[in-house]
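Let me begin by presenting the structure, written as structure tokens, before commenting on it.
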Amino acid sequence: VSCACAILPSAASASFTDVYSTHINATAIAYVQQQNIVSGYSDGSYRPNQKINRAEFTKIVTLAKFGQQMIDMCASSLRFSDLAAGAWYTHYICRAKDAELIGGYPDGTFRPDQPITLTEAAKIIARADTFNAGDPVLPKDNGGPWYDIYMQYLSKQYAIPRNITGLQHQLTRGDMAEIIYRLRNKNVLHLPSFEYESPTGDLVNHGSQYVTYQNSTEAYVIKYPAD
């Protein structure tokens, strides 16, 4: 008896009904769930392709770094002019501001509901990753754009996924999980990633995907794709 049955991909994590093993960020999402970094939504979904805003990203990174007790200890006074008193994100933004993970905008706002860009996320997560840490440390600031050292940090950790479209790419929840996963795991060098070129800001395929030819006589170097 023949059966024309559709074979659905298996779920990467039983906790999330909308994350399948075929999703580009499936492994990373399963990791952040297992590490209790994220818990998903009340309907059992994760919504991996949904954009993540600045308040949500700040909460996830700050909570993973400091823990709920330290966050709750932060005074609830508003640190930016556009934060709503008593809002769910108040203590997370308070702790992030006190730890200098965030700085806000020149007009004194934080814009919590605005989708977070790659460069903004790079600053928050790189400063959290190196907060009171001897190793790793941020690269030396050579006077480039404000985001330069943070993008260099992600690049050296192979933490810029290849689906990123540019420096102003608005991160999804899947992107967020992927970056955290790569920063916390040292066995990700085989994963396709972008390399950030300072100070131009270009994103190119990471050196691990390239063959380098160096001509010492003529003093030039050529890099070309290995595949």
Side-chain angles (χ1 to χ4, degrees), residues 12 16 18-20 22-32 37-38 40 45-62 64-65 89 92-93 96 101-106 109-130 138-139 141 144-185 188-210 225:
F16 300 129
D18 58 344
V19 179
Y20 296 97
T22 53
H23 193 279
I24 190 173
N25 307 123
T27 300
I29 293 170
Y31 172 83
V32 295
I37 296 172
V38 298
S45 67
Y46 179 77
R47 307 176 195 176
N49 301 321
Q50 178 175 292
K51 290 179 180 178
I52 185 168
N53 65 37
R54 287 168 51 81
E56 293 168 334
F57 188 87
T58 300
K59 173 191 173 180
I60 290 170
V61 174
T62 306
K65 180 64 181 181
Y89 50 67
Y92 301 100
I93 292 176
L101 308 187
I102 58 176
Y105 291 92
T109 63
F110 181 73
R111 308 175 194 176
D113 298 323
Q114 182 172 288
I116 195 164
T117 65
L118 174 63
T119 53
E120 293 170 340
K123 175 183 177 179
I124 295 172
I125 202 164
R127 291 187 73 88
D129 215 31
T130 57
L138 288 171
D141 188 350
W146 66 266
Y147 52 77
D148 192 63
I149 58 173
Y150 310 119
M151 290 300 301
Q152 287 185 57
Y153 183 79
L154 293 192
S155 180
K156 290 179 180 178
Q157 304 289 333
Y158 288 73
I160 308 176
R162 287 271 288 276
N163 64 295
I164 297 294
T165 58
L167 297 182
Q168 295 307 306
H169 175 91
Q170 295 179 344
L171 295 191
T172 65
R173 289 170 54 80
D175 295 332
M176 173 272 297
E178 189 71 36
I179 292 172
I180 292 175
Y181 169 68
R182 293 183 180 212
L183 286 175
R184 288 195 169 199
N185 291 273
V188 298
L189 303 187
H190 65 286
L191 296 176
S193 62
F194 278 131
E195 183 175 3
Y196 171 78
E197 293 195 335
S198 175
T200 63
D202 294 332
L203 296 179
V204 299
N205 290 334
H206 209 286
S208 62
Q209 282 83 48
Y210 275 71

Output the distance between atom [atom1] ([X]) and atom [atom2] ([Y]), rounded to the nearest 0.5 Å.
X    : Y    : atom1 : atom2 : result
L118 : D175 : CG    : CG    : 8.5 Å
I125 : L154 : CD1   : CG    : 7.0 Å
F194 : D202 : CZ    : CG    : 11.0 Å
I60  : I180 : CD1   : CD1   : 6.5 Å
D141 : Q152 : CG    : CD    : 9.0 Å
T172 : Q50  : OG1   : CD    : 9.5 Å

Contact between [X] and [Y] at the side-chain level, heavy atoms closer than 4.5 Å - yes or no?
X    : Y    : value
Y158 : H190 : no
E56  : Y89  : no
N25  : M176 : no
R182 : S193 : yes
I52  : P115 : no
V188 : L183 : no
I37  : V61  : no
P48  : D18  : yes

**Prompt:** L101 and T58: side-chain contact (heavy atoms from CB on, under 4.5 Å), yes or no, with the steps?
**Reply:** CA-CA 9 Å; L101 308 187; T58 300; over 6 Å; no
**Item:** Side chains of H23 and N49, donor plus acceptor under 3.5 Å
**Value:**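 Their side chains do contain a donor-acceptor pair, which is all the 3.5 Å distance test asks for.
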**Prompt:** In terms of side-chain heavy atoms, does N205 have a donor or acceptor partner in R162 at a distance below 3.5 Å?
**Reply:** yes
**Item:** For Q114, all residues meeting side-chain contact (heavy atoms from CB on, under 4.5 Å), sequence neighbours excluded
**Value:** R54, Y105, R111, E120
**Prompt:** Can L203 and M151 be said to form a side-chain contact (heavy atoms from CB on, under 4.5 Å), step by step?
**Reply:** CA-CA 10 Å; L203 296 179; M151 290 300 301; 4.2 Å; yes
**Asked** Is it true that a side-chain atom of N185 and a backbone atom of Y181 form a donor plus acceptor pair closer than 3.5 Å?
**Response**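 Judged by distance alone, yes, a pair lies under 3.5 Å.
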**Asked** Does any N or O in the side chain of T200 come within less than 3.5 Å of the main-chain N or O of E197, such that one atom is a donor and the other an acceptor?
**Response**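 Checking the backbone N and O of E197 against the side chain of T200, a donor-acceptor pair under 3.5 Å is found.
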**Item:** Cation-aromatic face contact R173/Y46, 6.0 Å, 45 degrees
**Value:**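 Yes, a cation-pi geometry.
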For the residue pair [X] and [Y], what are the closest heavy atoms and their distance?
X    : Y    : result
V19  : A26  : CG1-CA, 4.2 Å
G201 : L167 : O-CD1, 3.7 Å
Y150 : A126 : CD2-CB, 3.9 Å

**Request:** Take T117 and L171 through the test side-chain contact (heavy atoms from CB on, under 4.5 Å) and record every step on the way to the result.
**Result:** CA-CA 6 Å; T117 65; L171 295 191; over 6 Å; no
**Prompt:** With respect to E178, which candidate in L191, N163, I29 satisfies the side-chain contact (heavy atoms from CB on, under 4.5 Å) definition?
**Reply:**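 With E178 as partner, side-chain contact (heavy atoms from CB on, under 4.5 Å) holds for just one option, L191.
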**Message:** Which label fits Y196 and Y147: parallel for a plane angle under 30°, tilted from 30 to 60°, or perpendicular past 60°?
**Reply:** perpendicular
**Request:** Show your working on side-chain contact (heavy atoms from CB on, under 4.5 Å) between Y31 and R184 and close with a plain yes or no.
**Result:** CA-CA 10 Å; Y31 172 83; R184 288 195 169 199; 3.3 Å; yes
